[in-house]
*Asks:* 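Below: one structure in structure tokens.
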Amino acid sequence: MKPANSILASFGTTVFEVMTRLAIEHQTINLGQGFPDEDGPDSIKAMLDTATREGSNQYPPMLGIPELRQAIAAHNKRFHGLDVDWRTQVMVTTGATEALAASILALIEPGDEAVVFEPLYDSYVPMLRRAGAEVKFVRLQPPRWALPREELAAAFSPRTKLILMNTPMNPTGKVFDHGELGYIAELVQKYDTYAICDEVYEHLIFDGVKHIPLITLPGMAERAIRIGSAGKTFSMTSWKVGFLTAAPRLLSLIAKAHQFLVFTTASNLQRAVAHGLDHEQAWYTNLAVDLQRKRDLLQTALTGIGFDVMPCGATYFMNADYRPLGFDGTDVDFCRHVTIEAGVTVLPVSALYATPDVDHLVRFCFCKKDAVLQGAVDRLRAFFAS
Ligand code: PMP
Ligand code: GLN
């Protein structure tokens, strides 16, 4: 038979799925794939129920129901002072994943260059390459993951079409600060490019630090695409409701990709998310307080066991170097080892590089009940003590 598309065929199954399957097979405590073990607010479940019973079950408008687009615009204003017209600058997508894919498909022409930071979320590179982009990688280095300014500048060229960035950043837990964002914005303007900004963890941020959307910086309103996810904001990862904010010209281009990818997103879910954005602000801002406490709990415990834990300022991911424990295999070996032998699953950070570089870090997901985190820590402590 004729071969399928060679670019997608060259990628294996996503590491999140691989590790979760392994966790299920060995019945472990799964701190690998990132999903909370407690759902978001009851009021949005109730609204989903009402919306379903009241008949929000047919195709909604392509850009999303007005109620949700208005709620997204109001959310932009409330948190970031961003004034946008909900009719022309906001679109609802089927998860942030679709918002990313639609933005890439709308902008990339074969042969364009796209700049990304490593480590990175696993959908970026396959989608960029499938769209025809040549991907330029800029590596952030642990433990602080600071922006390597010279390398970033060197990655831009007249062929650069866009930069795709993620702040707060998975898996590093890094939050790009104003100076770093300003530097990126200058390059975006200098090279006349776009910026796709994956901001799905915007509310999961700690220590009083504020998330700054790139789109709020001077000159970025016309060039940046801001992407969010109800899955993250409301701890409902299966809902796959995302949002995208961009200038009208950009938004209408991205909407063309959206109309042929999915056309629209479940209307009952949209009503529930609109309710959440408007009425559950306390819930999603308190989530960060609770996650910060869990971060501290896990950080202290892992340090006590002997891991070298990297700082984590946001998201629900923490990275740790296991070499001080005396394990000298790769991160993939380590993850299999602790899954099978200690009953705890974590994620190899090297899987979040296009060409593996750092291979001694593992990612712990800490949006889990305290007892679950404690159980994982107890198992690891007992295992490494023996
Ligand atoms: N971007 C990043 C950085 C993520 O970690 C995730 C997590 N799933 C997504 C995008 C996808 O979000 P969604 O589930 O809304 O598609
Ligand atoms: N974003 C989540 C993570 O980084 C999971 C995404 C997925 O399973 N595709 O773990």
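Both ligands and their constituent atoms are indexed starting at 1 by order of listing. Nothing here was measured: the structure is a model prediction, and the numbers come from that model.
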*Asks:* As a test of understanding, state which of F327, F384, Y322 forms a ring-ring contact (aromatic ring centres under 6.0 Å, His included) with H337.
*Replies:*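 Filter result, single survivor: F327.
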*Asks:* Can you tell me the protein heavy atom closest to atom 2 (C) of ligand 2 and the distance?
*Replies:*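 Looking only at protein heavy atoms, the one closest to atom 2 (C) of ligand 2 is G34 O, 3.7 Å.
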*Asks:* Considering only heavy atoms of Y201, which atoms of ligand 2 have at least one such atom less than 4.0 Å away?
*Replies:*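 Ligand 2 atoms under the 4.0 Å threshold to Y201: 1 (N).
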*Asks:* Are a donor atom and an acceptor atom from the side chains of D359 and T330 found within less than 3.5 Å of each other?
*Replies:*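 The criterion, which ignores hydrogens and geometry beyond distance, is not satisfied for T330 and D359.
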*Asks:* Under 6.0 Å from the ring centre and within 45 degrees of the ring axis: does the NZ or CZ of R363 meet both conditions for the six-membered ring of F317?
*Replies:*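 Yes, R363 lies over the aromatic ring of F317.
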*Asks:* Heavy-atom distance under 4.5 Å between the side chains of I225 and L162, does that happen here?
*Replies:*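 No - every pair of side-chain heavy atoms lies 4.5 Å or more apart.
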*Asks:* More than 12 foreign heavy atoms under 6.0 Å from CZ of R336: is that the case here?
*Replies:*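 No, CZ of R336 has 12 or fewer neighbouring heavy atoms, counting only those of other groups under 6.0 Å.
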*Asks:* Please state which protein non-hydrogen atom is closest to atom 5 (O) of ligand 1 and give its distance, to 0.1 Å?
*Replies:*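 Checked against all protein heavy atoms, atom 5 (O) of ligand 1 sits closest to Y201 OH, 2.6 Å.
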*Asks:* What protein heavy atom sits nearest atom 6 (C) of ligand 1, and how far away is it?
*Replies:*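 For this ligand atom, the closest protein heavy atom is Y121 CZ, 3.5 Å.
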*Asks:* Can you tell me the protein heavy atom closest to atom 6 (C) of ligand 2 and the distance?
*Replies:*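 Going atom by atom, the protein heavy atom closest to atom 6 (C) of ligand 2 ends up being Y121 OH, 3.2 Å.
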*Asks:* On the six-membered ring of Y284, is K232 placed so that its NZ or CZ lies under 6.0 angstrom from the centre and within 45° of the ring axis?
*Replies:*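 Judged by the rule (NZ or CZ under 6.0 Å from the ring centre, within 45° of its axis), K232 is not positioned above Y284.
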*Asks:* Is there a nitrogen or oxygen of G95 sitting under 3.5 Å from a nitrogen or oxygen of ligand 1?
*Replies:*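 No, no N or O pair falls under 3.5 Å.
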*Asks:* Side-chain donor-acceptor pair under 3.5 Å between T355 and R139, yes or no?
*Replies:*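 Yes.
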*Asks:* Run the salt-bridge test on K45 and D39 with the 4.0 Å N-O cut-off and return the result as yes or no.
*Replies:*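 Answer for the salt bridge query: yes.
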*Asks:* Of F137, Y353, F176, which meets ring-ring contact (aromatic ring centres under 6.0 Å, His included) against F117?
*Replies:*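 Of all the options given, the one that passes is F176.
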*Asks:* Of the protein's non-hydrogen atoms, which lies at the shortest distance from atom 12 (O) of ligand 1, and what is that distance?
*Replies:*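 Answer for atom 12 (O) of ligand 1: A96 CB, 3.5 Å.
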*Asks:* Quick one: does ligand 1 sit under 4.0 Å from the side chain of K240, the backbone, both or neither, non-hydrogen atoms only?
*Replies:*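 Side chain only.
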*Asks:* Backbone or side chain, does any N or O of R363 fall under 3.5 Å from an N or O of ligand 2?
*Replies:*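 It does: an N or O of R363 is found under 3.5 Å from an N or O of ligand 2.
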*Asks:* For ligand 1, is any non-hydrogen atom under 4.0 Å from K232's backbone (N, CA, C, O), its side chain (CB onward), both, or neither?
*Replies:*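 The side chain, only.
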*Asks:* Return yes when F16 approaches ligand 1 closer than 4.0 angstrom through a heavy atom, no otherwise.
*Replies:*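 No, F16 has no heavy atom closer than 4.0 Å to ligand 1.
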*Asks:* In terms of atom number and element, which parts of ligand 1 are under 4.0 angstrom from non-hydrogen atoms of N166?
*Replies:*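 Atoms satisfying the 4.0 Å criterion: 3 (C).
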*Asks:* May I ask whether Y316 has any heavy atom positioned less than 4.0 angstrom from an atom of ligand 2?
*Replies:*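 Heavy atoms of Y316 never come under 4.0 Å of ligand 2.
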*Asks:* Is the contact between F317 and ligand 2 made by the side chain, the backbone, both, or neither, using heavy atoms and a 4.0 Å cut-off?
*Replies:*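 Side chain only.
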*Asks:* Salt bridge between E222 and R249, side-chain N to carboxylate O under 4.0 Å?
*Replies:*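 No salt bridge links E222 with R249.
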*Asks:* Considering heavy atoms of the protein only, find what lies nearest to atom 8 (O) of ligand 2 and give residue, atom and distance to 0.1 Å.
*Replies:*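 The closest one turns out to be Q33 NE2, 2.7 Å.
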*Asks:* Checking the N or O distance criterion of under 3.5 Å, is ligand 1 in contact with Y124?
*Replies:*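 It does not: no N or O of Y124 is found under 3.5 Å from an N or O of ligand 1.
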*Asks:* So among R223, K161, R159, which one has a salt bridge (charged side-chain N to carboxylate O under 4.0 Å, His left out) with D192?
*Replies:*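 Only one option passes, and that is R223.
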*Asks:* Among all protein heavy atoms, pick the one closest to atom 7 (C) of ligand 2 and tell me residue, atom and distance.
*Replies:*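 In this structure, atom 7 (C) of ligand 2 has F16 CD1, 3.5 Å as its nearest protein heavy atom.
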*Asks:* Are Q281 and R78 linked by a side-chain donor-acceptor pair shorter than 3.5 Å?
*Replies:*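 Side chains of Q281 and R78: pair found under 3.5 Å.
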*Asks:* Do R226 and E202 sit within salt-bridge range, that is, some charged N less than 4.0 Å from a carboxylate O?
*Replies:*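 Judged by the 4.0 Å cut-off on N to carboxylate O distance, R226 and E202 do form a salt bridge.
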*Asks:* Could you find the nearest protein heavy atom to atom 10 (C) of ligand 1 and give me its residue, atom name and distance?
*Replies:*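 Result: D198 OD2, 3.4 Å.
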*Asks:* Considering only heavy atoms of S229, which atoms of ligand 1 have at least one such atom less than 4.0 Å away?
*Replies:*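 This gives 13 (P), 15 (O) as the contact atoms.
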*Asks:* Of the backbone atoms (N, CA, C, O) and the side-chain heavy atoms from C-beta on, which set of N170 has a member under 4.0 Å from an atom of ligand 2: side chain, backbone, both, or neither?
*Replies:*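 Only the side chain of N170 comes within reach of ligand 2.
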*Asks:* Should you measure from each heavy atom of K232, which atoms of ligand 2 turn up under 4.0 Å away?
*Replies:*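 By the 4.0 Å cutoff, the relevant atoms are 1 (N).
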*Asks:* What part of T97, side chain, backbone, both or neither, has a heavy atom within less than 4.0 angstrom of ligand 1?
*Replies:*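 For T97, the contact with ligand 1 is made by both the backbone and the side chain.
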*Asks:* Keeping the roles fixed (side chain from T265, backbone from T94), state whether a donor-acceptor pair exists under 3.5 Å.
*Replies:*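 Side chain of T265 to backbone of T94: a pair is present.
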*Asks:* Short list, please: which atoms of ligand 1 are under 4.0 Å from a heavy atom of V200?
*Replies:*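 Numbered from 1, ligand 1 contributes 1 (N), 2 (C), 4 (C).
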